[in-house]
Amino acid sequence: MSEKVYPVPQDWKTRAHADAAKYNADYTRSIDDPDGFWGDVGKRLDWIEPFTKVRNASFAPGNVSIKWYEDGALNVSANCVDRHLEKRGDQTAILWEGDDPKDSKAITYRELHKHVCRFANALKERGVEKGDRVTIYLPMIPEAAYAMLACARIGAVHSIVFGGFSPDSLAGRIEDCASTCVITADEGLRGGRKIPLKANTDAAIDKVGGVKTVFVVTRTGADVPMKEGRDVRYEDAVKNAAAECEPEAMNAEDPLFILYTSGSTGKPKGVLHTTGGYLVYASYTHELIFDYHEGDVYWCTADVGWVTGHSYIVYGPLANGAITLMFEGVPNYPSSSRFWEVVDKHGVNIFYTAPTAIRALMGGGEEAVKKTSRASLRLLGSVGEPINPEAWEWYYRVVGNGRCPIVDTWWQTETGGILITPLPGATDLKPGSATTPFFGVEPELVDAEGKVLGGAAEGNLVIAQSWPGQMRTIFGDHKRFEETYFSAYPNKYFTGDGCRRDADGYYWITGRVDDVINVSGHRMGTAEVESSLVAHEKVAEAAVVGYPHDIKGQGIYAYVTLNAGVEGTDELRKELVAWVRKDIGPIASPDLIQFAPGLPKTRSGKIMRRILRKIAEDEFGALGDTSTLADPGVVDDLIDHRQNRK
Ligand code: WTA
């Protein structure tokens with residue numbers, strides 16, 4: 001791994017909110033006196049009822065309970081909108097850039113306030129109440145932010161489903177949290193292609209009961225069927241709604257949103273985040289890590305369907321009164337200069353994206369970048385998967401012209417906000433390392449037995465103490481929450497990631513140690529893809545693993561055992577890929593399918609994934625001990641027919 005060090009540039013030491021001395025002092029205080037530290041940070045929000053208690057968290061087996069600011073009351077939308085009206089009502093809140101480069105608009109905080117209040121009133125009008133779940137299935141249009149904030153305003157709990165998920169995936173998520181209301185659009189638009197969101201919504205609702213209202217935002221103007229009594233045009237609903245809506249006083253521990261994410265087993269889990277601690281953490285990390293200053297133009301390229309969009313497009317930036325850019329399109333449409341053209345068009349100062357996008361653009365060559373100015377850029381960020389040093393260097397040198405620090409931010413849907421990251425004015429950078437913990441975060445490395453490792457070491461990454469942005473439970477299944485995150489290493493939060501710490505105390509995330517794979521920065525449970533494959537009538541058994549992929553980080557490799565008499569043809573491969581796409585969504589499409597007459601199993605019938613991973617990586621010389629296999633012979637066949645030959 002690269003051990004090159006990029007020191008903090010001189011001007012950053014003075015301009016940034018935190019330099020090295022402040023980081024060290026504040027970090028020490030945050031660990032030694034978390035109540036004092038987070039009590040002070042908590043005051044950055046406007047509280048309807050000020051809190052007197054700060055932290056009340058236990059990771060004890062059988063009794064996991066996490067509460068922050070538990071006697072305080074506040075409203076997230078009031079913090080993200082209303083409190084900015086006096087000082088910056090006419091400043092841009094959301095800078096929207098459409099899929100088509102000719103399409104863009106700026107929404108001020110005052111306008112945002114009206115949109116949010118109107119939508120909130122429209123929700124109420126349709127009987128949506130505090131605590132009700134609302135599913136949002138929208139493209140990247142400003143109405144997505146209005147919808148989130150409108151829910152927060154009346155205390156409804158939103159659950160956003162990424163527009164790339166299939167009707168089945170949407171149905172599962174509507175059903176799991178018993179949503180009564182869905183907010184969608186006629187169609188989405190990405191890279192010039194249309195996504196039939198309303199048709200998908202109709203198909204999803206056909207499978208589950210309980211949805212009383214569907215709001216349909218007009219995006220493309222496509223002629224979509226509207227179901228009498230159930231479907232409402234967003235434009236009609238807000239036209240007649242009042243432009244004032246009193247924000248609901250929410251307890252700090254009232255739910256704010258549910259977001260489904262993949263785990264190593266079973267169906268996606270509804271990660272539940274609450275109101276006070278989440279917003280304190282999202283806004284504080286956004287300001288410190290991206291070194292946000294008044295008037296900066298900040299752009300996070302994520303989709304609001306993922307946690308990055310929740311915390312770092314909408315909640316964190318808006319709580320800070322920032323100008324946040326929201327992009328509907330994709331990096332390579334109309335050309336692979338698009339990101340940088342948008343940077344120039346809007347004078348973007350802070351740019352936050354995923355390694356997979358950087359690697360894809362790297363493949364397009366430097367010219368597409370160099371023909372743009374990018375003079376406004378000051379800071380770059382990375383999230384979603386480990387960034388390989390080559391991509392880091394390219395990002396730094398070509399995109400940032402060697403003048404912009406890169407914050408490689410490690411975190412998860414479960415953590416609510418960034419946990420391990422450089423602070424640009426404080427931390428010397430090492431390409432490929434997420435560097436050091438944020439305030440209040442106590443990372444530890446443990447071995448398989450749970451022994452805490454000191455000094456330079458490699459092990460499983462756990463977090464020893466709660467932080468305000470931590471998820472509180474899995475919606476409707478607290479037991480699964482405890483089992484998933486707190487049972488492997490009692491009294492610690494287990495991240496599912498492997499990690500190395502070097503002699504300087506820098507953290508290097510090595511990737512998931514469970515059966516979760518990270519495809520283009522999107523989390524995918526191998527079990528989900530397997531259960532989709534075995535649902536196909538020709539498939540007897542399937543095992544799915546990740547393998548290194550130049551652009552995606554990890555690709556999806558599926559071993560499929562067919563039913564007796566079925567022939568494994570290329571046609572069938574295509575059919576299975578289409579099947580999974582339709583069942584889960586395009587992001588779950590297998591990249592490689594190997595037809596396998598048998599899978600390597602232990603005598604007790606457990607599939608030995610270690611062997612399947614090695615073969616998928618084309619590393620079959622290092623299979624390790626195969627003597628415990630019920631039928632060691634299957635391995636030779638697997639090697640002979642492997643699909644990834646370097
Ligand atoms: C991975 C995305 C290395 C990690 C915010 C984690 C990273 C999973 C980084 C969470 C990073 C995220 N370096 N790995 N900077 N950021 N990951 O829930 O494996 O979609 O567990 O949250 O992405 O993915 P999730």
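Whatever order the structure lists ligands and atoms in, that order sets their numbers, starting from 1. Residues: numbered from 1 along the sequence shown.
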**Asked** Looking at ligand 1, does W306 have a heavy atom less than 4.0 Å from it?
**Response**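 In this structure, W306 fails to qualify as a contact of ligand 1 - no heavy atom is under 4.0 Å.
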**Asked** Going by heavy atoms, is G511 under 4.0 Å from ligand 1?
**Response**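 It does not; every heavy atom stays at 4.0 Å or beyond.
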**Flag side-chain contact, heavy atom, 4.5 Å: L279 against N79** =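 Contact flag for L279/N79 side chains = yes.
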**Message:** Using a 6.0 Å distance limit plus a 45 degree cone around the ring axis, check whether R173 lies over the aromatic ring of F165.
**Reply:**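 Yes, cation above the ring, under 6.0 Å and within 45°.
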Is there a donor-acceptor contact under 3.5 Å linking the side chains of [X] and [Y]?
{"X": "E528", "Y": "S262", "result": "yes"}
{"X": "Y507", "Y": "R501", "result": "yes"}
{"X": "N349", "Y": "W299", "result": "no"}

**Prompt:** Is it true that Y315 and H286 have ring centroids separated by less than 6.0 Å?
**Reply:**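 Judged by ring-centre distance (under 6.0 Å), Y315 and H286 do not meet the cut-off.
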**Message:** Are F439 and Y23 an aromatic pair, judged by ring center distance below 6.0 Å?
**Reply:**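 For Y23 and F439, the ring centres are under 6.0 Å apart.
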Out of all atoms in ligand 1, which are within 4.0 Å of some heavy atom of [X]? Include the element for each.
{"X": "T308", "value": "5 (C)"}
{"X": "D408", "value": "11 (C), 13 (N), 15 (N)"}
{"X": "N518", "value": "1 (C), 23 (O)"}
{"X": "T413", "value": "18 (O), 20 (O), 22 (O), 25 (P)"}

If you measure every N or O of [X] against every N or O of ligand 1, does any of those distances drop under 3.5 Å?
{"X": "Q412", "answer": "yes"}
{"X": "T409", "answer": "yes"}
{"X": "G384", "answer": "yes"}

Please list the nearest protein heavy atom to [atom] with its residue and the distance rounded to 0.1 Å.
{"atom": "atom 21 (O) of ligand 1", "answer": "D497 OD2, 2.6 Å"}
{"atom": "atom 5 (C) of ligand 1", "answer": "W411 CE2, 3.5 Å"}
{"atom": "atom 20 (O) of ligand 1", "answer": "R523 CD, 3.6 Å"}

**Asked** With Y485, which of K492, E414, R480 fulfils side-chain hydrogen bond (donor to acceptor under 3.5 Å, both in side chains)?
**Response**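 Running side-chain hydrogen bond (donor to acceptor under 3.5 Å, both in side chains) over K492, E414, R480 with Y485 returns exactly one hit, E414.
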**Request:** Hey, can you tell me if F438 and Y281 have their rings parallel, tilted or perpendicular (30° and 60° cut-offs)?
**Result:**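 Rings of F438 and Y281: perpendicular, as their planes differ by over 60°.
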**Request:** Answer with side chain, backbone, both or neither: which part of P386 has a heavy atom less than 4.0 angstrom from an atom of ligand 1?
**Result:**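 For P386, backbone and side-chain atoms both sit under 4.0 Å from ligand 1.
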